[in-house]
**Student:** 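Mind looking over this structure? Questions follow.
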Amino acid sequence: MKVKEYITKLNDQKHTYLSELGTYSCDCLNDPQKCFDFINEVYDASHLSEEHFYVIATDTKSNPIGIFDVAHGSVDGTCIQPREILIRILLCGASAAILVHNHPSGDSAPSEDDFNTTVMLYRAFQLIGIKLLDHIVIGKNDFYSFRQNGRIA
């Protein structure tokens, strides 16, 4: 299956639209290990010196339909807004999404901010009928899955 990487742009009327950056081959992302492998294949996230926050937009069967590098910050954090994530998910017609971000420290253990962000986004997704499938934190050689650890129903 092919998944497209997008960025958002503004047209002359100041309306947001998706612009395709590239296309990648990807299987169904119904397992956190597959997400970890995919993000590392596309972005080499385990080796980045700054924190990046990605969204993988999917259909109802966890088949990826779009991937976005939503934000990047410093060595120990990044600022994300639900609005920016939801715009991208809705523009590509997704019904679900997987959140992924890296920890440049190499430690995949989620921070308190990671837990709070996950709860905030879970609630925002629920309001508009989008399913949050998982939030995965990427370390140097491993990952933490909120779903696998019972933090997302």
Side-chain angles (χ1 to χ4, degrees), residues 1-9 18-122 124-125 130-153:
M1 157 170 273
K2 299 289 184 184
V3 59
K4 295 180 181 181
E5 179 184 16
Y6 296 104
I7 59 171
T8 53
K9 292 184 177 181
L18 296 180
S19 178
E20 186 179 327
L21 288 178
T23 303
Y24 303 93
S25 293
C26 182
D27 294 328
C28 177
L29 297 177
N30 56 0
D31 174 274
Q33 181 69 51
K34 290 180 182 179
C35 294
F36 173 79
D37 293 341
F38 177 64
I39 290 293
N40 273 320
E41 177 186 327
V42 174
Y43 296 109
D44 196 19
S46 291
H47 297 100
L48 296 175
S49 61
E50 298 169 332
E51 190 167 297
H52 286 252
F53 198 96
Y54 308 100
V55 175
I56 304 170
T58 73
D59 64 16
T60 57
K61 297 182 179 180
S62 300
N63 294 309
I65 58 176
I67 183 170
F68 304 90
D69 184 348
V70 177
H72 74 272
S74 64
V75 69
D76 64 351
T78 188
C79 181
I80 57 129
Q81 295 294 320
R83 177 185 182 277
E84 302 311 315
I85 292 170
L86 293 171
I87 285 171
R88 287 156 176 81
I89 292 169
L90 293 170
L91 281 172
C92 71
S95 58
I98 301 164
L99 309 174
V100 185
H101 80 278
N102 68 306
H103 280 176
S105 68
D107 182 1
S108 63
S111 67
E112 189 64 33
D113 282 343
D114 294 339
F115 286 107
N116 293 338
T117 297
T118 303
V119 169
M120 173 186 62
L121 290 171
Y122 182 85
F125 282 30
I130 301 290
K131 186 172 183 179
L132 177 57
L133 299 175
D134 206 345
H135 183 177
I136 298 167
V137 182
I138 293 181
K140 180 70 173 169
N141 298 311
D142 63 352
F143 63 88
Y144 177 93
S145 162
F146 279 72
R147 180 165 300 283
Q148 270 186 344
N149 286 280
R151 300 300 211 146
I152 294 177

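Residue numbers run from 1 in the order of the sequence given. What you see is a predicted model, and the numbers here were worked out from it, not measured in a lab.
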**Student:** At what distance, to the nearest 0.5 angstrom, does OG of S145 lie from CG of D31?
**Tutor:**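 S145 atom OG to D31 atom CG measures 8.5 Å (nearest 0.5 Å).
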
**Student:** Counting only heavy atoms from other residues, nucleotides and ligands, does the tally under 6.0 Å from CZ of R151 exceed 12?
**Tutor:**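 Open: at most 12 neighbouring heavy atoms sit under 6.0 Å from CZ of R151.
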
**Student:** Output the distance between atom CG (D134) and atom CG (L132), rounded to the nearest 0.5 Å.
**Tutor:** 7.5 Å

**Student:** Check the pair R88 / V70 against side chain to side chain contact (heavy atoms under 4.5 Å, CB included), numbers first and verdict last.
**Tutor:** CA-CA 9 Å; R88 287 156 176 81; V70 177; 4.1 Å; yes

**Student:** Find out whether P82 and M120 are in side-chain contact, i.e. whether some heavy atom of one side chain is under 4.5 Å from a heavy atom of the other.
**Tutor:** yes

**Student:** When you look at NZ of K131, are more than 12 heavy atoms from neighbouring residues, nucleotides or ligands closer to it than 6.0 Å?
**Tutor:** no

**Student:** So with a 6.0 Å cut-off around CG of D27, is the heavy-atom count from everything else above 12?
**Tutor:**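 No - once you tally the heavy atoms of other residues, nucleotides and ligands closer than 6.0 Å, there are 12 at most.
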
**Student:** Do the side chains of F143 and V100 get nearer than 4.5 Å, heavy atoms only?
**Tutor:** no

**Student:** For the pair H52 and Y54, name the ring-plane relationship: parallel under 30°, tilted 30 to 60°, perpendicular over 60°.
**Tutor:** parallel

**Student:** Out of curiosity, F68 CZ to I89 CD1, how far, rounded to the nearest 0.5 Å?
**Tutor:**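 Here the interatomic distance stands at 8.0 Å.
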
**Student:** Show your working on side chain to side chain contact (heavy atoms under 4.5 Å, CB included) between Y6 and L91 and close with a plain yes or no.
**Tutor:** CA-CA 10 Å; Y6 296 104; L91 281 172; over 6 Å; no

**Student:** Hey, is the main chain of S62 close enough, under 3.5 Å, to the side chain of D59 for a donor-acceptor pair?
**Tutor:**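 It does hold such a pair.
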
**Student:** Measuring from S25:OG to E41:CD, what's the distance to the nearest 0.5 Å?
**Tutor:** 8.0 Å

**Student:** Working note: I130 + L90, criterion side chain to side chain contact (heavy atoms under 4.5 Å, CB included); need CA distance, chi angles, decisive distance, verdict.
**Tutor:** CA-CA 9 Å; I130 301 290; L90 293 170; 4.2 Å; yes

**Student:** Would you confirm whether the ring centroid of F115 sits within less than 6.0 angstrom of the ring centroid of H135?
**Tutor:**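 Not under 6.0 Å, so no.
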
**Student:** With distance as the sole test, does D114 use its side chain to make a donor-acceptor pair with the main-chain N or O of S111 at under 3.5 Å?
**Tutor:**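 At least one qualifying donor-acceptor pair exists.
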
**Student:** Taking the six-membered ring for Trp and the single ring otherwise, decide whether the centroids of F146 and Y144 are under 6.0 Å apart.
**Tutor:**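 Ring centroids of F146 and Y144 are less than 6.0 Å from each other.
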
**Student:** Determine whether a donor-acceptor pair (N or O, by modelled atom type, separation under 3.5 Å) exists between the side chain of N102 and the backbone of E50.
**Tutor:** yes

**Student:** Can you measure from CD (E5) to CG (L18) and round to the nearest 0.5 angstrom?
**Tutor:**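 Atom-to-atom, E5:CD and L18:CG are 12.0 Å apart.
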
**Student:** Has S95 got a side-chain atom pairing as donor or acceptor with T60's backbone, closer than 3.5 angstrom?
**Tutor:** yes

**Student:** For the residue pair L48 and P104, what are the closest heavy atoms and their distance?
**Tutor:** O-CB, 3.6 Å

**Student:** Between CD1 of I80 and CG of L99, what distance do you get to the nearest 0.5 Å?
**Tutor:**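 Nearest 0.5 Å value for the CD1-CG distance: 7.0 Å.
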
**Student:** Is the CD atom of Q81 crowded by more than 12 outside heavy atoms at less than 6.0 Å?
**Tutor:**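 Atom CD in Q81 is not packed in, count stays at 12 or less.
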
